[in-house]
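Everything below concerns the one structure shown next.
What you are looking at is a predicted structure, and each value in this text was computed from that prediction instead of being measured.
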Amino acid sequence: MDAMSLQRKKIHPHKYSLWIAMGSITMMFIGFTSAYVVKRAQANWFTFDLPVIFWISTLVILASSVTIQMAVKQFRNRNMQRYKQLITLTAVLGVAFAVCQWIGFKQMNESGLRLNGPASVSFIYVIVGVHLLHVMGGVAALLIMFGRAFRTRVRTYSAVPIEVAATYWHFVDGLWIYLLIFLSIAR
């Protein structure tokens, strides 16, 4: 096997680090949902419907996954004008998702479902809140990509940063869908 073949099979260090981080995050949420299932078996478990805006936010984050994937494709094709439009749209959708989640928390609080209330309510705040923190990390990465896209001078055309951001964004998207389905079924 020649040196070029070996070089192609190596994973970029940033991508490797991302996969390690995503594995850790996955384990944390498996712990949260396992604790939820165990706690749910108690006799005084309180059930309630999730705010509708959580479902609307799902459509927003799904749309953002589509736009970031299209942005990656446009970056690889060196269509920088279209890339800028798509990364901007993705960042806007990411912020919109976070706003929807915040509104959902506000609606829960206004209807008497408070963080220090029943365990089922507290679990929702913690699980959705920790996911929201991870989304905000993704939004920060999107905003950095947005800033880089609009710099006047492009010094590098490495697709690694946008590929890493897109992989993470798809991860938080998939994680949210899992959590929403889990929290809807395991009430």
Side-chain angles (χ1 to χ4, degrees), residues 11-39 50-72 86-109 113-116 119-149 159-187:
I11 186 168
H12 191 280
H14 292 157
K15 292 180 180 179
Y16 181 76
S17 299
L18 176 65
W19 283 101
I20 297 294
M22 290 188 309
S24 300
I25 293 168
T26 300
M27 294 302 293
M28 180 176 61
F29 279 98
I30 287 172
F32 282 154
T33 52
S34 297
Y36 185 92
V37 168
V38 169
K39 194 76 175 168
L50 294 173
V52 173
I53 197 152
F54 282 176
W55 294 95
I56 295 169
S57 69
T58 304
L59 298 175
V60 172
I61 201 166
L62 282 171
S64 69
S65 267
V66 171
T67 58
I68 199 167
Q69 195 57 42
M70 292 168 63
V72 169
L86 289 166
I87 202 68
T88 301
L89 182 57
T90 304
V92 168
L93 289 170
V95 171
F97 175 82
V99 169
C100 287
Q101 298 288 289
W102 184 255
I103 291 170
F105 285 144
K106 190 174 175 189
Q107 289 175 347
M108 286 175 59
N109 191 47
L113 301 170
R114 296 199 167 77
L115 177 63
N116 60 355
S120 59
V121 176
S122 300
F123 265 106
I124 300 295
Y125 276 103
V126 170
I127 292 172
V128 175
V130 171
H131 178 265
L132 182 57
L133 287 176
H134 287 92
V135 168
M136 294 308 295
V139 168
L142 290 174
L143 293 175
I144 290 169
M145 301 306 297
F146 171 80
R148 285 183 176 178
V160 171
I162 184 64
E163 289 172 351
V164 168
T167 302
Y168 182 75
W169 197 251
H170 294 313
F171 170 72
V172 293
D173 180 0
L175 182 60
W176 171 249
I177 292 168
Y178 161 72
L179 291 173
L180 189 61
I181 291 171
F182 172 82
L183 294 172
S184 297
I185 292 173
R187 292 186 309 131

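Of the possible polar contacts, none joining the His14 side chain to the Pro161 backbone as a donor-acceptor pair under 3.5 Å is found. No donor-acceptor pair under 3.5 Å is formed between the side chain of Tyr125 and the backbone N or O of Asn116. For Tyr36 (side chain) and Ala186 (main-chain N/O), a donor-acceptor pair under 3.5 Å exists by modelled atom type.
Relative orientation of the Trp102 and Phe105 rings is perpendicular, given thresholds of 30° and 60° on the angle between their planes. Relative ring orientation between Phe29 and Phe32 is described as perpendicular, the plane-to-plane angle rising above 60° on a 0-90° scale split at 30° and 60°.
Note that the OG atom of Ser17 and the CE atom of Met22 stand 11.0 Å from one another [nearest 0.5 Å]. To the nearest 0.5 Å, atom CD1 of residue Ile68 and atom CG of residue Asp173 are 10.5 Å apart. Atoms OG1 and CG, on Thr88 and Leu142 in that order, are 10.5 Å from each other to the nearest 0.5 Å. Atoms CZ and CG, from Phe97 and Leu62 in turn, are 9.5 Å apart once rounded to the nearest 0.5 Å. Rounding to the nearest 0.5 angstrom, the gap separating the CD1 atom in Ile127 from the CZ atom in Phe182 is 6.0 Å. The CD1 atom of Ile124 sits 9.5 Å away from the CG atom of Leu113 when rounded to the nearest 0.5 Å.
Atom OH of Tyr178 sits in a crowded spot, with more than 12 heavy atoms from other residues, nucleotides or ligands closer than 6.0 Å.
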* Decide side chain to side chain contact (heavy atoms under 4.5 Å, CB included) for His134 and Tyr168; before the verdict, give the C-alpha distance in whole Å, the side-chain angles of both, and the deciding distance to 0.1 Å. => CA-CA 10 Å; His134 287 92; Tyr168 182 75; 3.3 Å; yes

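Shortest non-hydrogen contact noted between Ser184 and Leu50 is OG-CD1, 3.8 Å. Of all the heavy atoms in Gly104 and Pro51, the pair that sits closest is O-CG, 3.6 Å. In terms of heavy atoms, His131 sits closest to Val172 at NE2-O, 2.9 Å. Across every non-hydrogen atom of Val72 and Ala166, the tightest pair is CG2-CB, 3.6 Å.
Two residues are said to be in side-chain contact when any heavy atoms from C-beta on lie closer than 4.5 Å; Gln107 and Ile53 meet this criterion. Side-chain contact check for Thr33 versus Leu179: some heavy-atom pair is nearer than 4.5 Å. Using a 4.5 Å heavy-atom threshold, the side chains of Thr67 and Ser64 count as touching.
Looking at Ile181, Leu132, Val135, Val128 one by one, the single match for side-chain contact (heavy atoms from CB on, under 4.5 Å) with Trp176 turns out to be Val128.
Residues satisfying the salt bridge (Lys or Arg N to Asp or Glu O under 4.0 Å) criterion with Lys15, sequence neighbours excluded, are Glu163.
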